[in-house]
Amino acid sequence: MTPNALLVAACLSLPAGWSLRGWWSTQRVLARVAASRSESGATAPSMRPATQAPPAAVVAGVAGTALAVLVLGPVVLVLAVLGAAVTPLLARRRRRARALVARRGQLPPALERLAASLRSGSSLPVALDEAGRATPDPLGPELRALALGAGRGQSMAAVLDGWTLRHDDAGTRLAATALVLATVVGVTPARAVDGVAATLRERLELGAERRALASQARTSAVVLSAAPVVFAVLLGMGDGAAGRFLLHSPAGWACIAGGLGLDALGAWWMARLTRGELS
């Protein structure tokens, strides 16, 4: 294997992934638009269905990947399959993390709106419904569901217990505890909710400050995680014997798998050490 062959294979395989990703994203967007138009009664004759055959760019990308496998060996295919399997999981986890971050940021202002409604004389179910209508997703529907459950005859304690079971985080537990105590003991609900909102807002500010202070550590973690991969690529391009051993022998494949596994484990551990508090 020569460096030129490695470069050609990489140039051919990289567009494959991006072409497949772009085509699949486009088909998903078209399917959602077509579904929304069908629900509203409009027709979309120009919309291409999601089951349409892939365009020529995707075919060229797949051909490039096949050529890369022929040039570099089956290890490229194994890595491509692993990447295709891991990428959706990572994307789903990132979306879930973003939703949790958005929900934590919405909780203090929603509680402040709830306290304002309680001070104006509204009952707790009505105040929950008003705060839920003024709060966007994902927290708004939760508050409206709580108001709906209380309006159907369930006790507020049972409704809030179910809320904490579905969303077991510190902010939800603290808000539910304050509301239950205000309902059972008879404490002024608005004052308790205001205190919880102030506490949660202070926690969010402290968490943002910790993440800002840890930005340099996260950058160092990224560099340390990428350095072994870059070094292995440079070694394979500069030393033909090392490249042939790594890409065309079972022992080399085992070395690559073990190195990538250890590198991923180290990256996960460094990310866990430098990330902000999620609860």
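Excluded from the calculations below are hydrogen atoms, water molecules and symmetry mates; all remaining heavy atoms, backbone and side chain alike, are included. Along the sequence shown, residues carry numbers from 1.
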If you measure from CG on L143 to CD on Q106, what distance do you get to the nearest 0.5 Å? 9.0 Å
Starting at CZ of R191, measure out to CG of L118 and round the result to the nearest 0.5 Å. 13.0 Å
Donor + acceptor pair across side chains of T172, R166 (<3.5 Å): no
Measure across D194 and A115 and return the closest heavy-atom pair with its distance rounded to 0.1 Å. OD1-CB, 3.3 Å
Answer yes or no: is there a side-chain heavy-atom contact under 4.5 Å between L114 and L124? yes
If you take all heavy atoms of L204 and R104, which pair is closest and at what distance? CD1-O, 3.4 Å
May I ask you to decide if D161's main-chain N or O and T164's side chain share a donor-acceptor pair within less than 3.5 Å? yes
If Ile, Leu, Val, Met, Phe, Trp and Tyr residues are connected whenever their side-chain heavy atoms lie under 4.5 Å apart, and connections chain through other members, are F245 and I256 in the same group? yes
Evaluate the criterion side chain to side chain contact (heavy atoms under 4.5 Å, CB included) for residue pair M156 and L179; output intermediate values, then yes/no. CA-CA 9 Å; M156 185 56 63; L179 292 175; 5.6 Å; no
Measure across P125 and A150 and return the closest heavy-atom pair with its distance rounded to 0.1 Å. CG-CB, 3.8 Å
Please report the interatomic distance CG(D168) to CH2(W163), rounded to the nearest 0.5 Å. 12.0 Å
Enter the distance from L111:CG to L128:CG here, rounded to the nearest 0.5 Å. 9.5 Å
Report the distance from atom CG of L107 to atom CD of E112, rounding to the nearest 0.5 Å. 10.0 Å
With sequence neighbours left out, the residues meeting side chain to side chain donor-acceptor pair (under 3.5 Å) with R144 are none
Heavy atoms of P109 and G105 approach each other most closely as CD-O, 3.3 Å
Considering all heavy atoms, the nearest S117-A127 contact: CB-CB, 3.6 Å
Would a hydrophobic clustering, with Ile, Leu, Val, Met, Phe, Trp and Tyr connected at side-chain separations under 4.5 Å, put L265 with L273? yes
Rounded to the nearest 0.5 Å, what separates atom CG in D137 from atom CD in E142? 9.5 Å
Taking every heavy atom of A110 against every heavy atom of T135, the minimum-distance pair comes out as CB-OG1, 3.6 Å
